[in-house]
Amino acid sequence: MPKYLIIAEKPEAARRISEALDSKAKPKKIGRVVPSFVVKNGDCEIIVTTALGHLYELTTTISDRTIYPVLDYKWVPKHTVERNKRLEEWLEEMGKIGSGVDYYVNACDYDIEGSLIGYNVLRFLYGVSDYRRVFRMKLSTLTNREIQEAFKRMSPGLDLGLVKAGETRHIIDFLYGINLSRALTRSVLRFLRTPYVLSVGRVQTPTLNILVEREIAIETFIPDPYWVLRAEIVINGETHEALYEVEKVQSLSEVKRLVEEASSKKAFVEKVERRFEKISVPEPFDLTTLQREAYRVFGFTPSRTLSIAETLYLNALISYPRTSSQKLPPDIGYREILEKLSENSSYTKAVEKILSRGVLNPKQGRKDDPAHPAIYPTGEWKEELNSDQLKLLDLVTKRFLATFEEDAEKVICRNILRIGNVRFIMKGSMITKKGWLEVYSPYYSPEEKTIPLLKEGDILTVKKIIVEEKFTNPPRRYNPASLLREMEKLGIGTKATRSEIIETLYKRRYIIGKSISVTELGFSIVSTLRRFSPKILSAEMTRMVESDMEKIESGLIEEEKVVDAAKRELIEILREVGNREVDVGKHLSNSIITILRNRNVIGKCPVCGKGDLKIIVSRKTGKRFGICTNVFRNRCMLTIPLPQNPNKVYATDKTCSSCGWPIVKVVTRKRPWYLCVNPSCPGKTNPPKKSA
DNA sequence: GCAAGGTC
């Protein structure tokens, strides 16, 4: 009886695979830390075990983080790098579970990383060198039927092309990231009392550069004036507005001419137009779309959305969230999910309506993912969900229901008026068919505007013509959600890592604020790299790595060649930076000193308006309080009490909605809360308790 | 206390 070991990428996959392959759908669970299963399937015995994402990672023997170049690297168990007891036990038990089998099956996600995760387990944990004992199973939706088919049709050997491509990607990112980070970090050492960690990477640095370019576009923006013309029209005793047919008038002389030509007191209704427009059913959620929508609807940051979605997934309430697919294949079992959802009274009516139409044909989006379908609810329900989880689950559920619905429709009405020689337009719109908007409520409701019903040939009274001067606006700053979208557009980062990378930029203090601004340090990092390694600033590096990976995958170029070329280039860059170390260090450390100085600034002083309100700790008493920097110059008097240790107080970019004073974040042993620093704030319904 | 990529 041949014995197989199937290796999944994650516990959920191992569970699904073992249930699908067991003839009685009751696999026997083994393993204390690693969810693993013994499966009976015909005349073979199968053990299903699982990795936990990457179990191995690259490291270097040069552990001092101020020494470079680092050109040596090797794969080591992940737990040896970050001292993770759980991963250590995981690897140990996984090794035992897989000993003594005849065949190994890599059933990790069918993509580059999945191929590499399985490969590393095979070579490092099980010491497999004979690829005749190895198979690759190709899975995407993890439904019973698909898993059974994939097991029958698994291919012999491994997808070594994908593996090598993946390994090269890891090496290139590692070498560039570690070396450039160390070079910059080292340069500032001699100028600072305590070390400050700087980082550079193939994804984070181009992302920072996007923000710098936007910042420059905003700073150099010159507003242009333009004029808007409106006519106030009296209809049945009520005043209504019509806009000049050209939205923006570019010159003042043109405005004067128009006003003269429109000097008549009568408006003729020249035409009444009615046009119907479809509002299409939205695509199913992939992770990025979900993150964007949750930001729009709830104000959740992308990383918060991912972490909530993760919890929902681990509670089996939604499908796998780290997907870039917008497709809902029939395999997931539409009807069963819908029927389960209908048990929840909030969705009963919507489901009944969908089922009553007979055919279940959800909208499919454009984007795809080799390893997962779009995000959908499983139909399960749990009592103990917090409000964030409830919100996100409701959003995912309603989006899923919406994809089975019909397009909505609106009518756009335009009353075209002529005043003298000039045409003005009164525009309104109304939803005429709710379609999917009904189940997706309250998450999307297009604006509606009613206008009076007129007939062609009607004559109306003009009350007056209003001219308003306006100015063009600079480009908007990015927020975490729009930045995420831009990264996706440029193809940098992956669905699972983009939000983390944005967090890294905040953590390093390269950027600040919800409406993102680049700090002086962020600018300095970019200008330094522009001098020494412009390639890492652009998305071009990602494209090059990708094209090299494709060549490696199809055997057009060898892994070693790509790595050697990268090393040579890197050595050159590092030599240049090394030669200019003092120069570079001075530039960067100046920005760091500014950041450290501003770190305790909680906002502008609300009393004198000139100084900064700062958190300081008294040398004498050890007490924490807030003080305006102008107090030291005898130009202000403001000092304010703040919570004391063991609580911590951090600056935020928020201000109080009732008094406009700065708001600080207070981190207690229990949970963080936000405090307006104004001791006599009128909005304070619950004054904070005095801490001991 | 360094990257980006998996996953809890």
Are OP1 or OP2 of [N] and a side-chain N or O of [X] less than 4.0 angstrom apart?
{"X": "A/Ser199", "N": "B/dA3", "value": "yes"}
{"X": "A/Ser181", "N": "B/dA3", "value": "no"}
{"X": "A/Arg498", "N": "B/dA4", "value": "no"}
{"X": "A/Arg322", "N": "B/dC8", "value": "yes"}
{"X": "A/Arg508", "N": "B/dC2", "value": "yes"}

When the distance from [atom1] of [X] to [atom2] of [N] is rounded to whole Å, what number comes out?
{"X": "A/Ile171", "N": "B/dA3", "atom1": "CD1", "atom2": "P", "answer": "18 Å"}
{"X": "A/Glu500", "N": "B/dG6", "atom1": "CD", "atom2": "P", "answer": "10 Å"}
{"X": "A/Trp90", "N": "B/dT7", "atom1": "CH2", "atom2": "P", "answer": "12 Å"}
{"X": "A/Glu546", "N": "B/dG5", "atom1": "CD", "atom2": "C1'", "answer": "14 Å"}
{"X": "A/Glu310", "N": "B/dT7", "atom1": "CD", "atom2": "P", "answer": "8 Å"}
{"X": "A/Ile112", "N": "B/dA4", "atom1": "CD1", "atom2": "P", "answer": "17 Å"}
{"X": "A/Glu57", "N": "B/dA3", "atom1": "CD", "atom2": "P", "answer": "11 Å"}
{"X": "A/Arg169", "N": "B/dG6", "atom1": "CZ", "atom2": "P", "answer": "7 Å"}

Inset, instruction - Would you mind telling me which residue lines up with the more 5' stretch of DNA chain B, A/Asp109 or A/Val200, judged by nearest nucleotide? - result: A/Val200
Legend entry - Pairwise 5' ranking along DNA chain B for A/Gly493 and A/Leu314, keeping only the more 5' one: A/Gly493
Legend entry - Plane angle bin for A/Tyr376 and A/Phe400 - parallel if under 30°, tilted between 30 and 60°, otherwise perpendicular: tilted
Inset, instruction - Enter the distance from A/Leu588:CG to A/Ile593:CD1 here, rounded to the nearest 0.5 Å. - result: 11.0 Å
Legend entry - Under 3.5 Å side-chain donor-acceptor pair for A/Gln204 and A/Thr504: no
Legend entry - No-hydrogen, no-angle side-chain donor-acceptor test under 3.5 Å, A/Ser324 and A/Asp369: yes
Using a heavy-atom cut-off of 4.0 Å across all strands, would you classify [X] as base, sugar-phosphate, or nothing?
{"X": "A/Thr185", "answer": "nothing"}
{"X": "A/Arg65", "answer": "base"}
{"X": "A/Lys78", "answer": "base"}

Legend entry - Pairing of A/Asp583 and A/Arg531 as salt bridge, 4.0 angstrom limit: yes
When you measure from the side chain of [X], which nucleotide among [options] comes out closest?
{"X": "A/Val203", "options": "B/dG6, B/dG5, B/dA3", "value": "B/dG5"}
{"X": "A/Thr66", "options": "B/dG5, B/dC2, B/dG1", "value": "B/dG1"}
{"X": "A/Thr494", "options": "B/dT7, B/dA3, B/dG6", "value": "B/dG6"}

Inset, instruction - Indicate yes or no: at least one non-hydrogen side-chain atom of A/Glu12 is less than 4.5 angstrom from one of A/Leu314. - result: no
